[in-house]
Amino acid sequence: MMVSDPTLRPAATTELGLADLAAALAQGTISSVAAVGAALDRIEASQPTLNAFRVVRREQALAEAAAADERLAAGARLPLLGVPIAIKDDTDIAGAPTAFGCGGDLPPKTEDAESVRRLRAAGAVIVGKTNTCELGQLPFTSGAAFGHTRNPWGAAHTPGGSSGGSAAAVAAGLVPAALGSDGAGSVRIPSAWTNLVGIKPQRGRISTWPEAEAFQGLTVNGPLARTVADAALLLDTAAGPHAGDLHTPEPITVSDAVGRDPGRLRIALSLRIPFTATKTALHPQIEVAVRHIAATLRRLGHSVTVADLHYGIMIGASFLPRSMAGIRASYDRMPGAQVDPRTSANVWFGRALSGPALFAARQAEPLLHRRIGGFFRDYDLVLAPTTATPPPRAEEIDGIGVNATNDLITAACPYTWPWNVLGWPAVNVPAGFTDAGLPVGAQLMGTANSEPLLVSVAAQLESELRWDRHRPEPWW
């Protein structure tokens with residue numbers, strides 16, 4: 001039976017994860033109006049300092065929460081009925097613009113993206129759209145149009161990007177989970193730097209419609225949450241194709257893998273940095289953290305062997321035209337968008353690379369699948385660092401040119417982008433903290449459609465390491 005007081009226990013929602021909050025709503029121990037209202041209050045109180053959101057849907061979300069309470073009272077049960085969720089501001093929701101980190105007077109969208117449609121069908125209440133850098137290009141979340149989004153674990157630092165607003169919102173307890181997108185690590189990197197679980201699913205697992213594919217197939221949508229179970233639930237809820245999608249993998253239910261014994265696995269520990277033109281090095285404290293994850297996996301009964309993946313130069317040559325062409329295409333769909341000169345430069349590069357170079361890059365993918373897939377004849381999955389450095393200071397990205405920007409972001413985040421070229425799944429798991437108290441992460445990487453295996457192993461690690469018990473001290 002529904003509670004009569006819509007304000008019952010709003011403060012409790014800061015501690016509840018996605019599944020627990022959904023259960024509390026279904027049991028009537030809290031109302032959707034209370035849960036959504038509390039989330040909105042936290043968002044608005046934190047906005048001047050944390051700055052996680054670009055759009056806050058207070059009036060609409062409260063109306064949707066009231067409707068959810070009526071459905072709950074009538075006996076309706078859906079996976080996320082009445083639960084507050086955030087989406088990234090590269091994803092359309094009817095009635096709000098999709099600025100994708102840019103400035104300018106952009107019109108509101110008239111239709112929901114397919115992922116939002118599915119979240120709404122599951123009963124979720126979208127409380128707002130989280131900040132992202134311009135066209136998702138950086139492992140920072142900042143821009144002239146909205147300033148800096150800050151890391152809940154350290155106000156001076158970036159939460160990462162480009163899904164940094166989603167990561168900050170979840171890590172700070174503003175919402176129990178959020179949707180992001182990952183075109184070169186943009187779910188995994190901010191998850192690593194904010195002590196969250198972030199899943200980069202198989203290409204096509206969550207639709208990117210109204211784009212048939214995003215960024216020439218590099219970008220996928222994925223969840224960020226405190227626990228593996230919550231991330232898996234959000235993935236299952238948002239997953240599914242649109243009729244116009246170019247990539248439609250066979251359906252799976254990832255939540256079923258949480259708590260399931262994956263058996264004794266052969267795991268490769270790969271610390272080697274993929275080839276870059278920039279000097280890069282793995283931070284020693286991150287290496288220690290990733291090796292600790294490896295030791296935990298051994299204690300769990302798995303075989304973990306140091307065995308470096310050798311990606312080769314071809315994978316980088318494939319990534320660059322696809323990413324730059326994606327930036328150009330996104331910019332062209334946003335007439336009137338105001339962007340940084342560095343973005344303008346990348347748009348120019350995208351136009352230059354959108355011909356034969358892009359065609360060759362797309363043709364190379366099957367060869368890369370065979371070449372790197374051969375590594376998995378000897379191993380079931382790969383363990384690697386998610387980033388090479390802890391989270392940089394937020395302002396490090398300010399006022400520097402194209403080359404300096406490329407050097408900065410490549411030195412910090414050289415590990416994640418190859419899996420976007422391949423389109424295969426990867427999961428960031430929290431790996432602990434630096435001496436300065438900043439979170440770092442490790443990624444589990446598999447072949448096509450291996451989300452259940454990765455989730456099963458991630459849940460094993462969580463049961464041992466209990467990263468979900470570590471919360472930042474509120475300063476926002």
Side-chain angles (χ1 to χ4, degrees), residues 18 22 32 36 39-40 43 52-68 70-71 76 78-102 106-132 135-136 162-163 165-166 169-170 175-183 186-187 201 203-215 219-224 233-248 251 329-330 333-334 337:
L18 189 68
S32 181
V36 170
L40 289 163
I43 290 166
F53 280 80
R54 187 71 183 269
V55 173
V56 180
R57 304 179 67 247
R58 174 171 281 275
E59 183 178 343
Q60 303 96 318
L62 287 173
E64 292 163 15
E70 292 180 3
R71 297 175 71 186
L78 294 168
L80 298 178
L81 184 53
V83 178
I85 295 290
I87 61 171
K88 183 178 176 180
D89 195 25
D90 63 346
T91 302
D92 294 349
I93 186 167
T98 298
F100 206 170
C102 301
L106 300 167
K109 297 296 182 178
T110 57
E111 295 183 1
D112 291 339
E114 177 64 17
S115 58
V116 171
R117 188 194 70 78
R118 289 180 177 271
L119 289 174
R120 287 194 198 256
V125 176
I126 311 299
V127 293
K129 305 186 74 180
T130 57
N131 274 325
T132 178
L135 308 184
S162 61
S163 304
S166 290
V170 177
V175 290
L179 202 63
S181 61
D182 190 313
S186 289
V187 162
R203 183 184 298 150
R205 181 73 62 209
I206 299 177
S207 175
T208 55
W209 190 262
E211 294 183 63
E213 64 172 8
F215 279 70
T219 295
V220 301
N221 293 325
L224 302 90
L233 173 59
L234 187 56
L235 173 55
D236 285 340
T237 304
H242 183 278
D245 288 349
L246 288 182
H247 309 283
T248 54
S330 293
R333 285 193 298 272
M334 299 173 64

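Position 1 is the first residue of the sequence, and the numbers go up from there.
Counted within 6.0 Å of CZ on Arg71, heavy atoms from surrounding residues, nucleotides or ligands total 12 or fewer; the atom is thus considered open.
In this structure, the side chains of Leu135 and Met334 come closer than 4.5 Å at one or more pairs of heavy atoms. With contacts defined as side-chain heavy-atom distances shorter than 4.5 Å, the pair Ile87/Thr130 does not qualify. By the 4.5 Å heavy-atom criterion applied to side chains, Leu179 and Val116 are not counted as neighbours. Side-chain atoms of Leu119 and Thr237, non-hydrogen and from C-beta on, do get closer than 4.5 Å to each other. Side-chain contact check for Pro210 versus Glu111: every heavy-atom pair is 4.5 Å or farther apart. Leu80 has its side chain within reach of Leu234: a pair of non-hydrogen atoms, C-beta onward, lies under 4.5 Å apart.
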Intermediate values then yes/no, side-chain contact (heavy atoms from CB on, under 4.5 Å), Val220 and Val187: CA-CA 9 Å; Val220 301; Val187 162; over 6 Å; no
side-chain contact (heavy atoms from CB on, under 4.5 Å) between Asp182 and Thr219, intermediate numbers included: CA-CA 5 Å; Asp182 190 313; Thr219 295; over 6 Å; no
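To the nearest 0.5 angstrom, Ile43 atom CD1 is 11.0 Å from Arg57 atom CZ. Between the CG atom in Leu233 and the CG atom in Leu18 there is a gap of 4.5 Å [rounded to 0.5 Å]. Residue Ile206 holds its CD1 atom at 9.0 Å from CG of Asp236, rounded to the nearest 0.5 Å.
The shortest heavy-atom contact between Ser186 and Gly136 is OG-O, 4.1 Å. Contact record, Pro176 with Val170: O-CG1, 3.9 Å, taken as the closest heavy-atom pair. Between Leu235 and Pro201 the shortest heavy-atom distance is CD1-CG, 3.8 Å. The nearest pair of heavy atoms linking Pro241 to Thr248 is CB-CG2, 3.7 Å. Contact between Ala121 and Leu78 at its shortest, heavy atoms only, is O-CD1, 3.6 Å. In plain terms, the two heavy atoms of Val36 and Gly82 that are nearest each other are CG2-O, 3.8 Å.
Test Arg117, Arg120, Arg118 against Asp112 for side chain to side chain donor-acceptor pair (under 3.5 Å) and you get one pass: Arg120. Checked options Lys129, Arg333, Lys109; the residue passing with Thr98 is Lys129 (criterion: side chain to side chain donor-acceptor pair (under 3.5 Å)). Each of Glu213, Arg205, Arg203 was scored for a side chain to side chain donor-acceptor pair (under 3.5 Å) with His247, with one residue passing: Glu213.
With hydrogens and angles disregarded, a donor-acceptor distance shorter than 3.5 Å links the side chain of Ser163 to the backbone of Ser181. Panel note: side chain Asp245, backbone His242; a donor-acceptor pair is recorded below 3.5 Å. Panel note: side chain Asn221, backbone Ser207; a donor-acceptor pair is recorded below 3.5 Å.
Lys88 and Ser166 are not linked by any side-chain donor-acceptor pair at a separation below 3.5 angstrom, with hydrogens and angles left out of the test. Looking only at atom types and distance, the side chain of Thr132 has no donor-acceptor partner in the side chain of Asp89 under 3.5 Å away.
Between Phe215 and Phe100, the two ring planes are perpendicular [angle over 60°; tilted spans 30° to 60°].
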